[in-house]
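Heads up, the thing below is written out as structure tokens.
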Amino acid sequence: MELAVAVIVTIVTAATPLLIAAIGELVVERSGVLNLGVEGMMVIGAVAAFAIAHNTGSPYLGIVGGMAAGAFLALLFGLLTLTLATNQVATGLALTLLGLGLSGAIGEPYVGLPGTKLQPIEIPLLADIPFFGPILFKQDIIVYASFALVAGVAWFLFRTRAGLTLRSVGDSQTSAHTLGISVIRIRYLAVLFGGACAGLAGAQLSLAYTPQWVENMTAGRGWIALALVVFASWRPLRVIAGAYLFGAVTIGQLHAQALGFGIPSQLLSSLPYLATIAVLVIISRDRRLTLVNTPASLGKPFVPDR
Amino acid sequence: MRLELEKRSEHSTFYSIASPFIAIGLTLIFGAILFAVIGKDPAEALYIYFVSPLTSTWSLHELAVKSAPLILIGAGLSLCFLSSNWNIGAEGQFVMGAVFGSMMPIVFPDVQNTFVLPLMIIMGMAGGAAYAFIPAFLKTRFGTNEILTSLMLVYVAQLFLDWLVRGPWRNPEGFNFPESRTFHEYAILPEVLESGRAHYGAVFAVLAVIGLAVLLSKTLKGFEIQVAGQAPRAGRFGGFSAAKMTFFAFLLSGALAGLAGISEVSGAVQQLRPVVSPGYGFTAIIVAFLGRLNPIGVLFAGILLGISYLGGEEAQIVLGLSDKITRVFQGMLLFFVLACDTLILYRIRFVSTRTPALAMGEN
């Protein structure tokens, strides 16, 4: 029982950055923008959070810094894709390359330095519930934030007028424009939100999951988050299932590596990536599932005619 | 002030040539600012980065070694991107080309004759193509997003190489270092000139550029590629198969990435190591766009990016600058290239408004 709780807690920790980054990207894609720069925004968030936490001693300032850094890169993405109507796929790739490069340069002095670990916050009474207490109510603030984000985004997208507006922009940019909705402004807000989420996910990596800075420490998690959005077919609650599944695969393969079994560690390390491919194939086989939910304007640049 | 785009009635010919140069200029300006901020003399730093690699025979050879893979991969990718097939896993295809091509000298080290090298090159190309086949197959058969699958396969290829050189392919006489045995003389791609290290990979790169330039501008296949990217619907009416195009683009770019991989390993490194590429497969994406998805453009773009790699090494030695700065430069360059390409299709106007818009930063 104790062991199961310990394992599930680590799965939650491993799943949280995927969950946060994916939920942010989900909002971005729902607004009709495909930002492939999640990996870059995440890694810049990780290095910014680590550096600020290291210099100020406060992991909470680090979190804020990580989110700001992610949002800053997202702003650059917005300037290109929204204001200058560039190709979103190419710009997203550029964002990832820039983010990886920048984070390497910024993070160089911080390699090998001890990190500032984000401490768990126990919620009184609830934390004492057997089994669920330690899993759900003895976590750090980012885990709580991830729960709130999913609930908030699900509510926002499907229960508020603003959410409906955002989805309409993603589904039919010209109709939305005709109705007087500022397509570009809504997309900017969505992109900035996605950037802040990716930055927060990065901050979780360098402050909670492994409190240190290692170059390229996101190791493809930004891309897996992108795959999770497809896996969830753009429905917020389904992202939870996907993120925790991947968290479980990640932790499972780590335990398998520790135990040996004579399986090459590299094969086990490649499992999350292979699982991503497998999941994408399974989802995309069902055309109805993807077509119904894919935002119809996804990836199409919008230039308002005046 | 607000920035507005106004569609041009026709593509601007001027900007389609000028935009990469404007982008390079902007990168240099921002680079100079960056150097000034970190307390280095901008003029000296830019000279070391972009001019000094051209000043000695040795560095010109190194430039050929570094640019060849970028051009080979970039040329293949430009064809892919032109046809709207987003292969971003060239790094993995490069690794697989290196792995498959190295099979002869590592697994059969006793086979030593003149047929070994051609066989290695063919196997390298086959390896890269086979690896690129996977995302192409998944895209055409199941509609799976090729961006994500091809990228995921990069990590898998890198781990596979890591396993090989630490496990079954580790050099039996190598004191347990994670390296394969060094290649015998028949497995080494020869140098082109007496004067330095530049190997035949550079020749392959030039040949690939010429071949693809002819393919794109003079053949029906080239036309089909352009149509697939710009007007897929018209392509369908014209009887062009989108699935066949996907396979063609992926297999060709995979084979070129594989060729780059085996050329690098048998020409420059001469053994397999856990890491065989300093990110050539990703940098080649920048090369493809900077070269405006045109093989001839890719040739020059590849040389420029090769210079930035070499300049980065030089700056590390002379100025004590981190080699990570190179990656920042490269990323910035791609950003500016994409931004400047907007000028080809649109006229940019600044319109005054009462509320400041988010586009203010562009002024």
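This one's a predicted model, so the numbers in the text were calculated from it and none came from an experiment. Every chain is numbered from 1 and lettered A, B, ... according to where its sequence line falls, protein lines coming before strand lines.
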Quiz item: Taking every heavy-atom pair that is under 4.5 Å apart, which of A:Thr96, A:Ile106, A:Leu93 has the most such pairs with chain B?
Solution: A:Leu93
Practice problem: Give the member of B:Val156, B:Ile325, B:Leu151 that has the highest number of heavy-atom pairs under 4.5 Å with chain A. | Solution: B:Leu151
Quiz prompt | Neighbourhood of chain A inside residues 158-168 of chain B, taking heavy atoms under 4.5 Å as contact | solution = B:Leu159, B:Asp162, B:Trp163, B:Arg166
Quiz item: Looking at B:Gly143 and A:Ser284, what are the two nearest heavy atoms and their distance?
Solution: O-CB, 3.7 Å
Practice problem: Side chain from CB out, backbone as N, CA, C, O: work out which of these in B:Tyr346 comes under 4.5 Å of a heavy atom of chain A, or both, or neither. | Solution: side chain
Exercise. Against chain A, label B:Ile348 side chain, backbone, both or neither, depending on which of its atoms sit under 4.5 Å from a heavy atom there.
Key: side chain
Quiz item: Of the listed residues (B:Glu6, B:Arg327, B:Lys7), which shares the most heavy-atom pairs with chain A below a 4.5 Å separation?
Solution: B:Arg327
Quiz item: Should A:Leu98 and B:Phe329 count as side-chain neighbours, where that means a heavy-atom distance under 4.5 Å?
Solution: no
Quiz item: Taking the side chain from B:Tyr155 and the backbone from A:Gly220, do they hold a donor-acceptor pair closer than 3.5 Å?
Solution: yes
Quiz item: Got a second to check how far A:Asn87's CG is from B:Asp341's CG, nearest 0.5 Å?
Solution: 10.0 Å
Quiz item: Is it the side chain or the backbone of B:Ile147 that comes within 4.5 Å of chain A heavy atoms, both, or neither?
Solution: side chain
Quiz prompt | Over 12 foreign heavy atoms within 6.0 Å of CZ, A:Phe302 | solution = yes
Quiz item: Has A:Arg285 got more than 12 heavy atoms of other residues, nucleotides or ligands less than 6.0 Å from its CZ?
Solution: no
Practice problem: Evaluate the side-chain contact (heavy atoms from CB on, under 4.5 Å) criterion for residues B:Leu153 and A:Ile277: first the C-alpha distance (whole Å), next the side-chain angles of each, then the deciding distance (0.1 Å), finally the verdict. | Solution: CA-CA 8 Å; B:Leu153 288 171; A:Ile277 297 174; 3.6 Å; yes
Quiz prompt | Check against side-chain contact (heavy atoms from CB on, under 4.5 Å), A:Leu80 and B:Phe336 | solution = CA-CA 9 Å; A:Leu80 261 75; B:Phe336 285 125; over 6 Å; no
Quiz item: Looking at A:Leu102, A:Val281, A:Leu97, which one has more heavy-atom pairs under 4.5 Å with chain B than the rest?
Solution: A:Val281
Self-check item: Separation between CD of B:Glu4 and CD1 of A:Ile184, rounded to the nearest 0.5 Å
Solution: 10.5 Å
Quiz item: Going from CE on B:Met152 to CG on A:Leu226, what distance comes out if it is rounded to the nearest 0.5 angstrom?
Solution: 8.5 Å
Quiz prompt | Interchain contact, B:Leu338 with chain A, by part (heavy-atom threshold 4.5 Å) | solution = both
Quiz prompt | Residue, of A:Ser270, A:Ala85, A:Gly99, A:Ala94, that accumulates the most heavy atom pairs under 4.5 Å with chain B | solution = A:Ala94
Self-check item: Contacting moiety of A:Ile224, where chain B heavy atoms sit under 4.5 Å
Solution: both
Exercise. Identify which of A:Ile283, A:Leu274, A:Leu95 forms the greatest number of heavy-atom pairs closer than 4.5 Å to chain B.
Key: A:Leu95
Self-check item: Exam field: side chain B:Thr342 to backbone A:Leu84, donor-acceptor pair closer than 3.5 Å
Solution: yes
Quiz item: Heavy-atom distance under 4.5 Å to chain B: side chain of A:Thr91, backbone, both or neither?
Solution: both
Practice problem: Let me know if B:Phe335 has heavy atoms under 4.5 Å from chain A in its side chain, its backbone, both or neither. | Solution: both
Self-check item: Closest approach of A:Trp223 to B:Ile88 (non-hydrogen atoms, all atoms of both residues)
Solution: CH2-CD1, 3.8 Å
Quiz item: Mind checking what makes salt bridge (Lys or Arg N to Asp or Glu O under 4.0 Å) contact with A:Arg238, not counting sequence neighbours?
Solution: none
